[in-house]
Chemist: 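Have a look at this one.
Every heavy atom of this structure was used, including side-chain atoms; hydrogens, water molecules and symmetry mates were not.
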Amino acid sequence: MAKPKFHLLSLFFFLNILLCFFHGECSSQLDLEDEPWLNEEDDEVVMVQTHHDSRNRCDFSIGKWVYDQSYPLYDTNCPYLSAAVTCQKNGRPDSDYEKWKWKPQGCSIPRFDALDFLGRMRKKRIMLVGDSIMRNQWESLVCLVQGVIPTARKRVIYNGPTMAFHAMDFEISIEFSWAPLLVELRKGPENKRILHLDLIEENAKYWRGVDILVFDSAHWWTHSDKWSSWDYFMERNNLFKSMNPMVAYEKGLTTWAKWVDLNLDPHKTQVIFRSMSPRHNRENGWKCYNQKQPLAFFSHQHVPEQLLVLQGVLRRMRFPVYLQDVTTMSALRRDGHPSVYRRAMTQEEKQRPRDFSSGSDCSHWCLPGVPDIWNEMLNALLKQRAL
């Protein structure tokens with residue numbers, strides 16, 4: 001399979017980084033702004049066009065949102081939901097955002113059946129690895145299954161950066177592992193935060209022995225200086241003050257890919273990489289406020305560089321990793337974010353939310369909501385690609 005061409009722009013940035021390191025001076029021009037995934041207009045979003053595996057019987061990523069009164073599949077009383085995503089409890093007045101299902105073009109995604117899922121996953125470990133949006137998805141998956149399990153036969157166990165929901169009668173665990181960058185972020189001299197682009201074992205040690213691994217990593221790589229989680233990059237023994245985020249992202253993903261290739265057996269472990277969840281952060285996060293319906297159409301096609309980098313890394317791997325594309329479908333769901341309802345609000349705050357809120361969360365998702373549909377898609381993928 002042909003390798004993707006190396007972008008001249010990335011090469012230019014990388015050469016500048018090397019010059020920066022050897023001469024001891026770093027230009028601030030190498031730091032890119034934190035661009036949103038979507039370039040939005042009033043009633044449109046940019047469509048993310050991806051390459052798909054032609055062997056699949058159904059391309060779940062192309063389709064439309066269909067209103068279905070029988071949704072959601074659980075309610076906000078699920079005890080495993082974080083307060084920040086329980087939008088109904090926090091006072092959100094509308095609930096139609098819970099009632100949309102995804103209808104792929106030319107096929108369908110089966111409605112999630114908790115007992116069927118638990119039966120097929122019996123004696124397996126499922127682990128979702130990534131950032132807070134992946135935890136958003138983990139909470140969704142746990143809530144989708146927990147309702148059919150007696151209270152005394154389920155529990156959550158915490159171990160370092162991981163948490164695991166156990167359904168004891170099925171001997172199944174649904175786990176979350178916190179690793180938003182996949183590679184290691186460590187404290188260095190003077191308490192400086194150093195992102196090691198070629199080290200991963202401190203995170204990866206939790207992934208061993210898992211039957212189904214679902215990864216995501218994107219948002220943290222594009223945080224601007226103000227919100228960046230690191231002070232320096234390190235590769236081998238070379239320290240960099242700044243680096244093109246996409247160059248760093250490719251290096252980090254390549255470290256992850258090498259670990260998967262060397263340490264996992266495709267006959268024992270399934271690996272899925274979920275594409276980035278779109279943010280609707282224009283207007284300082286207020287773009288999703290008071291949105292009540294999915295967007296109906298896209299303006300034009302665009303391929304975000306993050307997705308190109310991810311696709312290039314996956315194509316170079318020996319291990320068969322499935323790319324679950326949720327970006328396009330989720331880009332239509334500007335209505336699905338917590339917005340100001342990430343916390344409980346007083347009556348006065350509800351009347352004038354802009355005067356009281358420090359911002360609006362247009363990155364995470366209300367639950368029940370969009371991540372439930374990601375998990376319905378994940379369930380369908382696992383049925384197709386069962387070991």
Side-chain angles (χ1 to χ4, degrees), residues 60 73-74 78 80-82 84-85 112 114 117-118 120-121 124-146 154-167 170 172-183 200 202-221 252-253 256-257 259-260 263-264 268-277 310 314 319 321-327 329-330 363-383 385-387:
F60 293 133
L73 301 175
Y74 59 91
C78 174
Y80 304 102
L81 291 178
S82 300
V85 300
F112 193 92
F117 179 83
L118 290 167
R120 287 186 293 106
M121 297 296 118
K124 292 186 183 293
R125 291 179 63 195
I126 305 166
M127 180 177 283
L128 282 62
V129 181
D131 56 18
S132 58
I133 298 176
M134 186 59 97
R135 174 168 175 170
N136 212 179
Q137 185 177 352
W138 175 81
E139 291 181 6
S140 161
L141 185 55
V142 170
C143 288
L144 284 168
V145 303
Q146 68 88 28
K154 57 191 175 187
R155 61 182 177 178
V156 173
I157 296 175
Y158 299 89
N159 177 26
T162 71
M163 56 187 72
F165 172 85
H166 292 268
F170 293 89
I172 177 181
S173 66
I174 301 173
E175 306 173 38
F176 169 71
S177 179
W178 173 258
L181 298 158
L182 300 182
V183 293
I200 199 170
E202 280 301 306
N203 295 326
K205 65 185 180 182
Y206 296 101
W207 313 338
R208 298 179 185 275
V210 177
D211 299 288
I212 298 167
L213 283 162
V214 184
F215 291 93
D216 102 292
S217 183
H219 283 284
W220 281 43
W221 292 94
L253 284 181
W256 166 84
W259 184 90
V260 170
N263 291 278
L264 299 183
K268 297 180 180 179
T269 305
Q270 288 178 276
V271 178
I272 295 170
F273 205 111
R274 196 208 71 213
S275 69
M276 67 282 294
S277 171
L310 174 59
L314 295 183
F319 194 100
V321 176
Y322 183 84
L323 175 59
Q324 181 188 2
D325 183 359
V326 304
T327 309
M329 60 186 286
S330 306
S363 296
H364 300 91
W365 301 93
C366 295
L367 290 178
V370 171
D372 302 330
I373 310 304
W374 299 349
N375 284 323
E376 284 195 316
M377 181 190 294
L378 175 63
N379 183 40
L381 292 173
L382 293 176
K383 282 185 175 182
R385 310 173 74 85
L387 288 174

Chemist: To the nearest 0.5 Å, what is the distance between CD1 (I126) and CD1 (I172)?
Modeler: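 Between atom CD1 of I126 and atom CD1 of I172 there are 4.0 Å.
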Chemist: Of all residues at least two apart in sequence or in a different chain, which pass the side chain to side chain donor-acceptor pair (under 3.5 Å) check with H364?
Modeler: S132, D361
Chemist: Could you pull out all residues at least two apart from Q146 that satisfy side chain to side chain donor-acceptor pair (under 3.5 Å)?
Modeler: K154
Chemist: Could you walk me through whether W256 and S217 pass side chain to side chain donor-acceptor pair (under 3.5 Å), step by step?
Modeler: CA-CA 11 Å; W256 166 84; S217 183; over 6 Å; no
Chemist: Roughly how far apart are N263 CG and F319 CZ, rounded to 0.5 Å?
Modeler: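 It is 10.5 Å, given to the nearest 0.5 Å.
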Chemist: Nearest 0.5 Å please: distance from the CE atom of M121 over to the CZ atom of F170.
Modeler: 12.0 Å
Chemist: About how many Å separate CG of N203 and CG of L181, when rounded to the nearest 0.5 Å?
Modeler: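 One finds 8.5 Å between CG of L181 and CG of N203.
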Chemist: Looking only at atom types and distance, does a side-chain atom of D131 sit under 3.5 Å from a main-chain N or O of M134, one as donor and one as acceptor?
Modeler: yes
Chemist: Mind listing the closest non-hydrogen atom pair of N136 and V85 along with its distance?
Modeler: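 The pair with the smallest heavy-atom distance is ND2-CG1, 3.6 Å.
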Chemist: Do you know the tightest heavy-atom contact between V129 and A179?
Modeler: CG1-CB, 3.9 Å
Chemist: Checking T327 side chain against M276 main chain: does a donor-acceptor pair fall under 3.5 Å?
Modeler: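 Yes, T327 side chain to M276 backbone: donor-acceptor pair under 3.5 Å.
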Chemist: State, to 0.1 Å, how close G252 and W221 come at their nearest heavy-atom pair, and which atoms those are.
Modeler: CA-CH2, 4.0 Å
Chemist: Of all the heavy-atom pairs spanning R125 and R208, show the shortest one and how long it is.
Modeler: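 So the two residues come closest at NH1-O, 3.3 Å.
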Chemist: Over all heavy atoms of both residues, which pair between E139 and L81 is shortest? Give the atoms and the distance, please.
Modeler: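 For E139 and L81, the tightest heavy-atom pair comes out as OE1-CA, 3.6 Å.
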Chemist: Going by the side-chain hydrogen bond (donor to acceptor under 3.5 Å, both in side chains) test, which pairs reach into residues 366-381, not counting sequence neighbours?
Modeler: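 Residue pairs passing side-chain hydrogen bond (donor to acceptor under 3.5 Å, both in side chains), neighbours aside: Y71-E376, Y74-D372, R120-N379, Q137-N375, S140-D372, S140-N375, S330-W374.
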Chemist: Where the side chain of S275 meets the backbone of V326, is there a donor-acceptor pair that is under 3.5 Å apart?
Modeler: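 Judged by distance alone, yes, a pair lies under 3.5 Å.
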Chemist: If you measure from CG on L381 to OH on Y322, what distance do you get to the nearest 0.5 Å?
Modeler: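 With rounding to 0.5 Å, CG (L381) is 5.0 Å from OH (Y322).
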Chemist: Out of W220, Y206, W138, Y158, which residue meets the ring-ring contact (aromatic ring centres under 6.0 Å, His included) rule with W178?
Modeler: W220
Chemist: Can you find a pair of side-chain heavy atoms, one from M163 and one from V142, that are under 4.5 Å apart?
Modeler: no
Chemist: I'd like to check L253 versus F273 (side-chain heavy atoms, cut-off strictly below 4.5 Å). Are they in contact?
Modeler: yes
Chemist: Can you check whether L264 reaches W207 side chain to side chain, under 4.5 Å on heavy atoms?
Modeler: no
Chemist: Which pair of heavy atoms, one from L323 and one from L314, lies closest together, and at what distance?
Modeler: CB-CD1, 3.9 Å
Chemist: Nearest 0.5 Å please: distance from the CD1 atom of I174 over to the NZ atom of K124.
Modeler: 13.0 Å
